[in-house]
There are 2 protein chains.
Amino acid sequence: MLDQSPQLDRVFHALSDPTRRAVLDRLTQGPASVSELAAPFETTLAAIVQHVQVLEASGLISTEKIGRTRTCCVSAEAIGRAEQWLSARREIWEARLDRMEDYILELQTTEKKRGKRAHRK
Amino acid sequence: MLDQSPQLDRVFHALSDPTRRAVLDRLTQGPASVSELAAPFETTLAAIVQHVQVLEASGLISTEKIGRTRTCCVSAEAIGRAEQWLSARREIWEARLDRMEDYILELQTTEKKRGKRAHRK
C-alpha cells in the first residue's frame with residue numbers, strides 16, 4: 001500500500017523550502033557555483049551549502065567540484081519524475097470526475113424521458 | 001528572490017511522506033472517511049488523522065464532517081499548482097539545453113565550412 005519511494009520523499013522534502021526552490025529557480029537559468037548561488041541571500045554560505053546538499057541528495061541537482069569551485073546543475077529528469085507523479089494522480093481524479101459528470105447527465109436524460117412519457121399518458 | 005509561497009511549502013511538505021502520498025493515492029479513487037483511509041495501514045487512527053490534517057492544511061485535500069464521519073476528497077487544483085510549478089522549471093531548463101544544442105550545432109557547421117575552405121586553398 002505504501003508508496004515505497006525514498007527518492008520521492010527526498011525530492012518533495014527538498015522542494016518544501018523556499019530558499020531551495022529559489023536556488024533551483026536560479027539553476028534553471030544555467031549552472032552556477034555555490035558562491036554565486038549564495039550571493040542573493042542574506043544568509044551564510046554554510047546554510048546555502050546545506051541546501052545544496054539536500055537538493056543534490058534528492059537528485060534535483062548534480063554538483064561537480066573542479067579545483068576549489070563546486071558547480072551546480074539542474075536535473076530535468078528528477079523534476080520530470082515528481083511532475084509525472086503529480087500529473088498521474090490529477091488525471092485519475094479528473095477522469096473520475098468526468099465519469100461522474102457523464103453518469104449525472106445520463107440520469108438527468110433518463111429522468112426527462114420518463115417525465116415526458118408520464119405527461120403523454 | 002525567495003519564492004514566497006507558504007502554500008507551496010505546505011504542499012511539497014505534505015507530499016514528502018509516503019503514508020500521505022498513499023492516502024492521496026487512495027483518495028484519487030474517490031472520497032473516503034478517515035476510518036476507511038486508516039484501514040490499510042498498520043498504524044493508529046490518530047496518526048492517520050494527523051496525516052489528513054497536514055494534507056488538508058496544504059490544500060491537497062478537503063474534508064467535511066457530517067455527523068460523526070469526516071469525509072476526505074482530493075483537490076485537483078492544488079495538485080495542478082504543484083505540477084505547474086515543476087513543469088515551468090523543467091521547460092525553462094529544457095529550452096536552455098535546446099538553445100545550447102543549437103549553438104553547438106551552429107559552431108560545428110561553421111567549423112566544417114572553414115575546414116572545407118582551408119582544404120580548397
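Chain letters run A, B, ... following the sequence lines, proteins first, then strands; residues in each count from 1.
- Both the backbone and the side chain of Q29(B) come within less than 4.5 Å of a heavy atom of chain A.
- Here R21(B) contributes atom CZ and D9(A) contributes atom CG; the two are 4.5 Å apart, rounded to the nearest 0.5 Å.
- In this structure, the portion of R96(B) lying under 4.5 Å from any heavy atom of chain A is its side chain and not its backbone.
- Between L24(A) and W93(B), every side-chain heavy-atom pair lies at or beyond the 4.5 Å cut-off.
- Residue with the most contacts toward chain A among R90(B), Q84(B), R10(B): R90(B) (heavy-atom pairs, distance under 4.5 Å).
- The distance from the CZ atom of F12(A) to the CG atom of D17(B) is 12.0 Å, given to the nearest 0.5 Å.
- Residue with the most contacts toward chain A among A88(B), A14(B), P31(B): P31(B) (heavy-atom pairs, distance under 4.5 Å).
- Proximity to chain A at a heavy-atom threshold of 4.5 Å picks out C73(B), V74(B), A76(B), I79(B), G80(B), A82(B), E83(B) from residues 69-83 of chain B, in numerical order.
- With values rounded to the nearest 0.5 angstrom, L15(B) atom CG is found 9.5 Å from L15(A) atom CG.
- No part of L97(B) comes within reach of chain A, as not one of its non-hydrogen atoms sits under 4.5 angstrom from that chain.
- Counting all heavy atoms, side chain and backbone alike, I92(B) lies closest to T28(A) at CG2-O, 3.6 Å.
- Two different hydrophobic clusters hold L8(A) and V54(A) under the rule that ILVMFWY side chains link at heavy-atom gaps under 4.5 Å.
- For chain A, the option among H13(B), E94(B), M100(B) with the highest count of heavy-atom pairs below 4.5 Å is H13(B).
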